[in-house]
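Each chain gets a letter, A, B and so on, in the order its sequence line appears, and its residues count up from 1.
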Number of protein chains: 2
Amino acid sequence: MKPTIYDVAEKAGVSIATVSKVINNTGKIGAETKENVLQVMNDINYYPSMLASAMMGKRTNTIGLLVPDIANPFFAELARSIEDTGQEKGYNVVICNTDNNPEKEIQYLEWLKQKSTDGVVIATGVQKEETFKELIKENIPFALISRNLSSIPVDTVLLDDYLGGYQAGAHLILTGCRNAICLTLNVKTSSEKERLRGFKKALLDHEITYNEEYTISCDGTIENSTNVINDFLKVNKNIDAIFALNDMIAIGAVNGARSFGYNIPEDISIIGFDNTILATISHPPLTSIAQPIEDMGSQVIHLLVETIEGKKQSKKQVILSP
Amino acid sequence: MKPTIYDVAEKAGVSIATVSKVINNTGKIGAETKENVLQVMNDINYYPSMLASAMMGKRTNTIGLLVPDIANPFFAELARSIEDTGQEKGYNVVICNTDNNPEKEIQYLEWLKQKSTDGVVIATGVQKEETFKELIKENIPFALISRNLSSIPVDTVLLDDYLGGYQAGAHLILTGCRNAICLTLNVKTSSEKERLRGFKKALLDHEITYNEEYTISCDGTIENSTNVINDFLKVNKNIDAIFALNDMIAIGAVNGARSFGYNIPEDISIIGFDNTILATISHPPLTSIAQPIEDMGSQVIHLLVETIEGKKQSKKQVILSP
DNA sequence: GTGAAAGCGCTAACAA
DNA sequence: TTGTTAGCGCTTTCAC
C-alpha cells in the first residue's frame, strides 16, 4: 500500500498538518521537526498524491495540447517545444490528436475538463467559435497557436502569415516564375487564408495576375497531395511554380511534379511553409518559409501559464515573423 | 462555480448516491429517476470530477509515454499510434521527452506517480534496471517498446532487430558492397546491439570480414551524424556502404556522404532503419528496414491496458518482424 | 429503488 | 511552532 501523509505523520510522531507544511513549505516549522519529517518521508518512500491536493483546489499541473496530428513534423516539433517549456515550469502535457475533427476536439476538451487540466493549448484547425465561448464561460485558460480568432480576445501566438505568403510569392517571382499555383488544404484556417492573401498580394505587386482556379486543395497527406498535383499538371501544362501551404504537402507536390516528369527546380519551383525537418532533409533542399517553431511553442506556454497562475488578466497576442 | 454531484442531486430531488449510480450505471435505479437525473445533469452542464472519483480508487485513465524526443519522426509516429489506441480505450497520454537523460526519466516517473497515472509506456533508451525494479515494487504497470530487458519479465513489444540488421547486411551485400561501416548512437540500447549483431552475421555468412573500427557513433542528431560521416570518409577512402541504425542518422549519413562529394547510390549505398516519413520523402528514396510502427504502438497499449485493467497477470513479449 | 454516512489523501483555517 | 478539524467531490456499503 502506498504510504499516505498519515503514515508519515505517525512514524515521525507529528500531526498530518505538520507534514503537509513541510511538503509545501508553508507556515512555520522547527528545523529539527522538518528534518525529521523529511527523513521519514524518504525512509518510507512517500510521495504526495496530486489527486488529493488538486481536490483541495490546487492545480493539477497538467495542460492539454490539441493538435491535428502529432506525426506531422510541424506539430511534433511544436509539441517538443511546448513540452520542454511546460516541464521547465512544472507542467505535464497531454497530447490530443484531433485530425481536425470537431467531434474529437469536443471529446478531448471534455476529458480535459473532467481531469481538471489547468489549461489547454489549441493548435488544431477547424473549430466552432462555440467551443471557445464555452471554455471562456467555464473559465478554463487556453491559448491558441498558429491560428487566429479575431472575434474574441484570447491569448494567441501567431506567425505573420500574410508576410510569409508574401515572401513566398516574392521569392517565386524572383526566380522567374510567372505561372504559380497554390496547394492548400481542404479545411482552411485563418492562417492559410492569410498566407494565400499575402501570396496574391505579392503577385499583384509585380503585376502578375493570379488565376483563382490555380488554388487547389488536398487533404493534407503526402499521398493525396502527390496525386492532386500530378492530376493537375496533366491538364495544366505551363505551370512553373507551386506554393504549398505547408511542408507536408510541399513534399507531396515535389513527388507529384517528379512523377509527372518534371525536374526540380529546373522545370518547376516549389516552395513550402513551416521549414520543418522535412524541408531540411529533402534533396534538393526544399525552400520553405520558416516558422520559428521553438519560439512559438515556448511563447504559448508562457502566455498560458501566466494566465493559469493568475499573473495576468488581459489577453495577449504575440506575432512572430517568418 | 462548477456544479458538483450535490447540485445535481438537489435539483433532481434525489440523493447524491442515486446520482452517482446513474453516472456510473451501477446498482438499480428507476427508469424515471434516471431520466430525470440525466436531464438535470445536462441542464446545469454538469460533468463528474475525475479527481474525486480517482481518489476513491478509480483509475485516472491516463498513461505516461517516455520517449527520447517526440520531434524525432520515429517517436512522433509511435506516439500517434499510441495515443490513437489509448483514446480508443479511454486513456489520455502524457508525453515526456527524456533526451535519454536518466535524471529526466526519474523526474518524469516521479511526476507520473504523484499524478496516479495508471501506467507508463517506456520507449526511452538508457535506463537503470533499478528504475524498473522500483516500478515493479510500487506496482505501477508499465510496458517497454522497442527495447529489451532480459533480466526481468515485463510486457514488451519488440522488433526482431537481429533479423532487421541481418536484412540490412544482406541487402548491402546484394548490391555489391564489400566495405560497409555502421553508424550507431553513442548510447546503445539492446535494440541497437541486436541490429549490429544481425548485420555482422550477414557479412559473416557471406564471408566478408567486418572491421570493428568501422562501427562509428554519433549523438543522434542529423548535424552530428553528417559531420561524423564526413570526417570518417576523409580518412577512410574505400567505404562503399553505410548502415545507419535509424533514419535520422541515415539522413545525416546521406548528407555527410554528399557533402564529401559522393553520389548516392552510385558511390556509396546507405541503408537506414525505421522507415519513417524521413525515408519515404528522401530523394532518392532511402532504403530503410521498416518497423511496423503503428502496429507496435497499438500492441503496447493493448498489453499495458490489459495489465492496468487486471485482465492478465503474466507478462508478454511480442516480437514483430521488420 | 433509494438514501445516510463513512471515508479516499490532502489543505487550510483556527486553536492551543 | 504544532495540532484539531472541517471539508474538497465522489464511491460504496448497508439500511430502509
Answer yes or no: does atom [atom1] of [X] have more than 12 heavy-atom neighbours from other residues, nucleotides or ligands under 6.0 Å?
X	atom1	answer
A:Glu294	CD	no
A:Glu129	CD	yes
A:Glu110	CD	yes
A:Lys316	NZ	no

Task: A:Lys2 NZ - C:dC8 C1' separation (whole Å) - done: 11 Å
Task: DNA chain C-proximal residues of residues 29-47 of chain B, any heavy atom under 4.0 Å - done: B:Ile29, B:Gly30, B:Thr33
- [ ] Going by the side chain to side chain contact (heavy atoms under 4.5 Å, CB included) test, name the single residue among B:Thr131, B:Leu135, B:Val67, B:Leu65 that passes it with B:Ile122.
- [x] B:Leu135
- [ ] Report yes or no: do A:Thr124 and A:Thr98 form a side-chain donor-acceptor pair below 3.5 Å?
- [x] yes
TODO: Return yes if a side-chain donor-acceptor contact under 3.5 Å exists between B:Asn92 and B:Thr62, otherwise no.
DONE: no
Open item on the list: Check for me whether B:Lys115 meets the cation-pi criterion with B:Trp111, that is, NZ or CZ under 6.0 Å from the six-membered ring centre and within 45 degrees of the ring axis.
Closed with: yes
Open item on the list: Please enumerate all residues that pass side chain to side chain donor-acceptor pair (under 3.5 Å) together with A:Lys28, with sequence neighbours excluded.
Closed with: none
- [ ] Could you tell me whether a side-chain N or O of B:Thr85 sits under 3.5 Å from a main-chain N or O of B:Ile301, the two making a donor and an acceptor?
- [x] no
Task: A:Thr221 and A:Asp219: CA distance, side-chain angles, deciding distance, side chain to side chain donor-acceptor pair (under 3.5 Å) verdict - done: CA-CA 6 Å; A:Thr221 63; A:Asp219 71 5; 2.8 Å; yes
Open item on the list: Strictly by side chain to side chain donor-acceptor pair (under 3.5 Å), give each pair with a member in residues 39-49 of chain A just once, sequence neighbours left out.
Closed with: A:Tyr47-B:Glu138
- [ ] Any chance you could list the contact pattern along nucleotides 11-16 of chain C? Use B for base contacts, S for sugar-phosphate-only contacts and - for none, protein heavy atoms under 4.0 Å, 5' to 3'.
- [x] BB----
Task: Chi angles and distances behind the salt bridge (charged side-chain N to carboxylate O under 4.0 Å, His left out) call for B:Asp118, B:Lys58 - done: CA-CA 10 Å; B:Asp118 295 327; B:Lys58 293 218 159 182; over 6 Å; no
Open item on the list: Tell me the bend of the helix from C:dG1-D:dC16 to C:dA16-D:dT1 as the angle between end helix axes, each from five pairs, rounded to the nearest 10 degrees.
Closed with: 40°
Open item on the list: Quick check: on DNA chain C, is the nucleotide nearest B:Met55 upstream (toward 5') of the one nearest B:Ser15, or the reverse? Name the residue that is more 5'.
Closed with: B:Ser15
TODO: Considering only heavy atoms of chain A and a distance under 4.0 Å, specify the first and last nucleotide of DNA chain D in 5' to 3' order that meet this criterion.
DONE: D:dT1 to D:dG9
